[in-house]
Amino acid sequence: MQGFSTLGGFELQLEDRTVTAAQERFRPIVMTSSASLLGFFPLVIATGAGSASRWSLGTALFGGLLVATVLSLLIVPVLYVIIKTLEERFLKKKPANRSQPPSPDGNGDGQSSAIAHQHSSVIVKQNFDDNGHNDSSK
């Protein structure tokens, strides 16, 4: 992430980017939720036989989607900025330990495959007695 040298600079750029993302997300969220809300609305105003079950189902769907839309548009961007700011303040990323070069076999533990092979051959030799017979049956 370039340009985040100070915490103040980080907050300003983070807020700008969050506002831009919220503006870009606004239209698709409103269009999707308004289409769904219009589809659920007949369940809310249902009349006739079985209308009580349709009314309760429609009210739950309509209200839940309305609350989810408001949370998605207003609360999520604000919480994102708060959480990223707290992460930057309290969970500063520590650089990886590069004092040891990576191992040539790529296993990441700093031990080459030749050394690992030497250790395994020592273990195998310990299982044989002086005459070369397998000791493991004792």
Side-chain angles (χ1 to χ4, degrees):
M1 297 171 92
Q2 269 181 313
F4 295 129
S5 59
T6 64
L7 187 60
F10 176 78
E11 289 175 2
L12 179 65
Q13 287 189 2
L14 176 64
E15 289 172 358
D16 289 341
R17 291 179 183 190
T18 304
V19 168
T20 302
Q23 288 172 347
E24 289 179 9
R25 290 176 50 237
F26 181 78
R27 183 172 181 244
I29 289 173
V30 169
M31 288 178 65
T32 304
S33 62
S34 62
S36 299
L37 288 171
L38 285 174
F40 296 143
F41 191 68
L43 293 173
V44 174
I45 59 170
T47 58
S51 63
S53 64
R54 286 190 213 122
W55 181 79
S56 63
L57 180 66
T59 303
L61 289 172
F62 192 86
L65 188 58
L66 194 60
V67 169
T69 303
V70 170
L71 289 176
S72 179
L73 291 174
L74 301 177
I75 305 300
V76 169
V78 172
L79 283 178
Y80 180 77
V81 170
I82 291 170
I83 290 171
K84 289 305 267 186
T85 303
L86 290 174
E87 177 188 8
E88 179 66 23
R89 256 186 217 154
F90 296 114
L91 300 177
K92 292 186 181 189
K93 295 176 179 67
K94 297 176 182 165
N97 185 6
R98 295 292 179 180
S99 62
Q100 194 176 32
S103 62
D105 60 351
N107 63 2
D109 63 357
Q111 188 180 49
S112 69
S113 58
I115 295 173
H117 179 67
Q118 288 175 354
H119 289 297
S120 64
S121 64
V122 169
I123 294 170
V124 171
K125 287 179 184 177
Q126 290 174 353
N127 290 335
F128 290 93
D129 63 4
D130 293 335
N131 298 329
H133 299 299
N134 193 348
D135 248 5
S136 62
S137 61
K138 293 182 183 177

Quiz item: Can you tell me if CZ on Phe62 sees more than 12 non-hydrogen neighbours from other groups inside 6.0 Å?
Solution: yes
Practice problem: Locate the shortest heavy-atom distance separating Gly50 from Ser53; write the atom from each residue and the value. | Solution: O-OG, 3.0 Å
Quiz prompt | Heavy-atom pair of closest approach, residues Ala46 and Ser51 | solution = O-CB, 3.6 Å
Quiz item: If two hydrophobic side chains count as joined below 4.5 Å and joins carry through other members, does Ile45 share a cluster with Leu43?
Solution: yes
Exercise. State plainly whether one hydrophobic cluster holds both Phe41 and Leu61, where clusters connect Ile, Leu, Val, Met, Phe, Trp and Tyr through side-chain heavy atoms under 4.5 angstrom apart.
Key: yes
Quiz item: Quick one: hydrophobic cluster around Phe90, which other residues, with the 4.5 Å side-chain cut-off, linked directly or via members?
Solution: Val78, Ile82, Leu86
Practice problem: Measure across Trp55 and Val44 and return the closest heavy-atom pair with its distance rounded to 0.1 Å. | Solution: CD1-O, 2.7 Å
Practice problem: Could you check if a side-chain atom of Leu57 sits within less than 4.5 angstrom of a side-chain atom of Phe40, using non-hydrogen atoms only? | Solution: no
Return a table of donor-acceptor pairs under 3.5 angstrom between the side chains of residues 31-38 and protein atoms on other chains or two or more places apart.
unit_1: Thr32; atom_1: OG1; unit_2: Pro28; atom_2: O; d: 2.8
unit_1: Ser33; atom_1: OG; unit_2: Ile29; atom_2: O; d: 2.9
unit_1: Ser33; atom_1: OG; unit_2: Val30; atom_2: O; d: 3.3
unit_1: Ser34; atom_1: OG; unit_2: Val30; atom_2: O; d: 2.8
unit_1: Ser34; atom_1: OG; unit_2: Met31; atom_2: O; d: 3.1
unit_1: Ser36; atom_1: OG; unit_2: Thr32; atom_2: O; d: 3.1

Self-check item: Hphob cluster co-occupancy, Leu14 + Ile83, side-chain heavy atoms under 4.5 angstrom
Solution: no
Exercise. Provide the closest heavy-atom pair for Ser72 versus Pro77 in the form atom of the first, atom of the second, distance.
Key: O-CD, 3.8 Å
Self-check item: CG-OG1 distance between Leu74 and Thr69, expressed to the nearest 0.5 angstrom
Solution: 10.5 Å
Quiz item: Ala49 and Arg54: which non-hydrogen atoms are nearest, and at how many Å?
Solution: O-NH2, 3.3 Å
